[in-house]
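Numbered from 1 within each chain, the chains take letters A, B, ... in sequence-line order.
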There are 2 protein chains.
Amino acid sequence: MNDDLRGAAIRVERPAKTLRELALDKVREAIVNGYFRPGDRLVERDLCAQLGVSRTIVREVLRHLESEGLVANLPNKGPIVALLDLGEAKQIYEIRGALEGMAARLCAEQGNPAIADALDKSLQDIRNSYQDRDMPGVLAHTSSFYQTLFSMVDRHVAWGVVNLLTVRINHLRSMTIKTENRGVQGPAQMARIVDAIRRGDGPGAYQAAMDHVASASAIAEAVLSGQQSID
Amino acid sequence: MNDDLRGAAIRVERPAKTLRELALDKVREAIVNGYFRPGDRLVERDLCAQLGVSRTIVREVLRHLESEGLVANLPNKGPIVALLDLGEAKQIYEIRGALEGMAARLCAEQGNPAIADALDKSLQDIRNSYQDRDMPGVLAHTSSFYQTLFSMVDRHVAWGVVNLLTVRINHLRSMTIKTENRGVQGPAQMARIVDAIRRGDGPGAYQAAMDHVASASAIAEAVLSGQQSID
DNA sequence: ATAAGTATCTTGGTACGCCATAATACGGCT
DNA sequence: AGCCGTATTATGGCGTACCAAGATACTTAT
């Protein structure tokens, strides 16, 4: 076991990623940032060619994405990129509200100033990204903000759920953050969460997190019903 | 279209389930009710033989269960039945509390007496199962109770999340319900949820649902730490 | 007895082939 | 010309066989 410890120090961190995992990431990413659009068919043999892997891998990847809700399987027709229904999107925002609110409350009750400091740092990254019009950066840092929220109170299961649900509404997210004033209101609402946490105000943090998600949901609904014709 | 209606009546209801789905259900069930124990290795070719299907299917099934959290994949060793650690179990109970509380509150705010009636019916089923010492029945009807809670307010996404998480703690559930007095306390706590819903008391319903899960969590923790040596 | 080499087990991954079904194109018949 | 039945194609569902590489157990030679 001593050997284990010494070995660990110099262990060569191999990628360790299997081909399947790489392919999974590629396809998920392709869906999430719109290379494949909702409703597009995902023909197994075509994906094999595009990814350069065998059908076995492609099938496993499709199964995985199916269980993530990113891909739907039509009987006798095959897999397509899942269509996002407005009602479902609202449900996802609602769940995020419940879980992020919970995490925020727990952070506040923790009474550890380091939490609020870490969140402030993420928040500043978000503001900077908005200023630079770097929208992918906004999304990434927003994710990072919430990941901090969950991981600071050791709630990785809840974080996993939130993450899982979030990829399904990713294109909605990228639309909401481009909305007028969102670059100001969003960070302001998140700052309220951080403030409540710093004050140790559990219910306040909960409410602030709920409010933030609720406003995102409202914007998403407006955007989605406005663009219904395009879909 | 008239033809459709007449045709539907005599349509031969094909299984429509693919072999993969059947195999998935079999393996999931085998894990959930303990035929495969946590930590057991799931050797692909053995599963092929036991299920009577090809490796293609088995691999897809294992991937699927992996993304459900029921199966873990050790690098260079292969899949095993996921081990449940206490902290994770507590997190799952906590999430269930948040979501079931949310659903209960929504049910109460709905102001539809049919909801409470339907829940009462499930509750009676649970009581009967307890009386008959039919533990699988208790679990099934408890699931049904919560499914009603979610589906009555059209929250199938949240129900999906709860369901997903619940299978991971299934063996804990089957232990908690065998606890002394649980056959009385459990239904009593659930009755409080139903009462609050019938009164239209949103916060009360929320709190009652939280309390029920919290007590289940406490029992699970006691059971788990008591049996730690057996694991 | 021990270190080195070897065999075995198992997964990761690939290639190929077969069958069933749905959709489409085609071609013959009236 | 128009319609109906058939052939073809596209595609998913499923199976088999094979190879490479890592891990582990087992020999064997010194």
Next on the checklist: Check the phosphate of dC9(C) against K77(B), side-chain N and O only, distance under 4.0 Å to OP1 or OP2. Yes or no?
Outcome noted: no

Checklist entry - So, is N76(A) near the phosphate of dT21(C), with a side-chain N or O under 4.0 Å from OP1 or OP2? => result no

Item to check | Between C1' of dG13(C) and CG of L62(B), the distance in whole Å | outcome: 15 Å

Checklist outcome for this item: Taken to the nearest whole Å, CG/L51(A) to C1'/dA15(C) is 17 Å

Checklist entry - To the nearest Å, how far apart are E44(B) CD and dG15(D) C1'? => result 15 Å

Checklist outcome for this item: Taking for R45(A) and for R45(B) the nucleotide of DNA chain C with the nearest heavy atom, the one nearer the 5' end belongs to R45(B)

Next on the checklist: Side chains of S215(A) and R182(A) only: does a donor on one sit below 3.5 Å from an acceptor on the other?
Outcome noted: yes

Next on the checklist: Using a 4.0 Å heavy-atom cut-off, does T18(B) contact any base of the nucleic acid, only the sugar-phosphate backbone, or nothing at all?
Outcome noted: sugar-phosphate

Checklist entry - Which residue, T142(B), L149(B), L119(B), forms the side-chain contact (heavy atoms from CB on, under 4.5 Å) with M190(B)? => result T142(B)

Next on the checklist: Expressed as a whole number of angstroms, how long is the span from R59(A):CZ to dG15(D):C1'?
Outcome noted: 11 Å

Checklist entry - Can you tell me how far C1' of dT11(D) sits from CG of L74(A), to the nearest Å? => result 13 Å

Checklist entry - Between dT16(D) atom P and I57(B) atom CD1, what is the distance in whole Å? => result 11 Å

Checklist entry - Looking for any heavy atom pair under 4.0 Å, which part of the strands does L42(A) touch: base, sugar-phosphate only, or nothing? => result sugar-phosphate

Checklist entry - When the distance from CD1 of I80(A) to P of dT11(D) is rounded to whole Å, what number comes out? => result 15 Å

Item to check | Carboxylate-amine/guanidinium contact K26(A) E29(A), below 4.0 Å | outcome: no

Checklist entry - What pair of heavy atoms forms the shortest contact from R168(B) to E68(B), and how long is it? => result CD-O, 3.4 Å

Checklist outcome for this item: Separation of dA20(D) atom P from R20(A) atom CZ, nearest Å, is 21 Å

Checklist entry - Which class fits the ring pair Y146(A) and H212(A): parallel under 30°, tilted 30 to 60°, perpendicular over 60°? => result parallel

Item to check | Polar side-chain contact R55(B)-dG13(C) base: donor and acceptor under 3.5 Å | outcome: yes

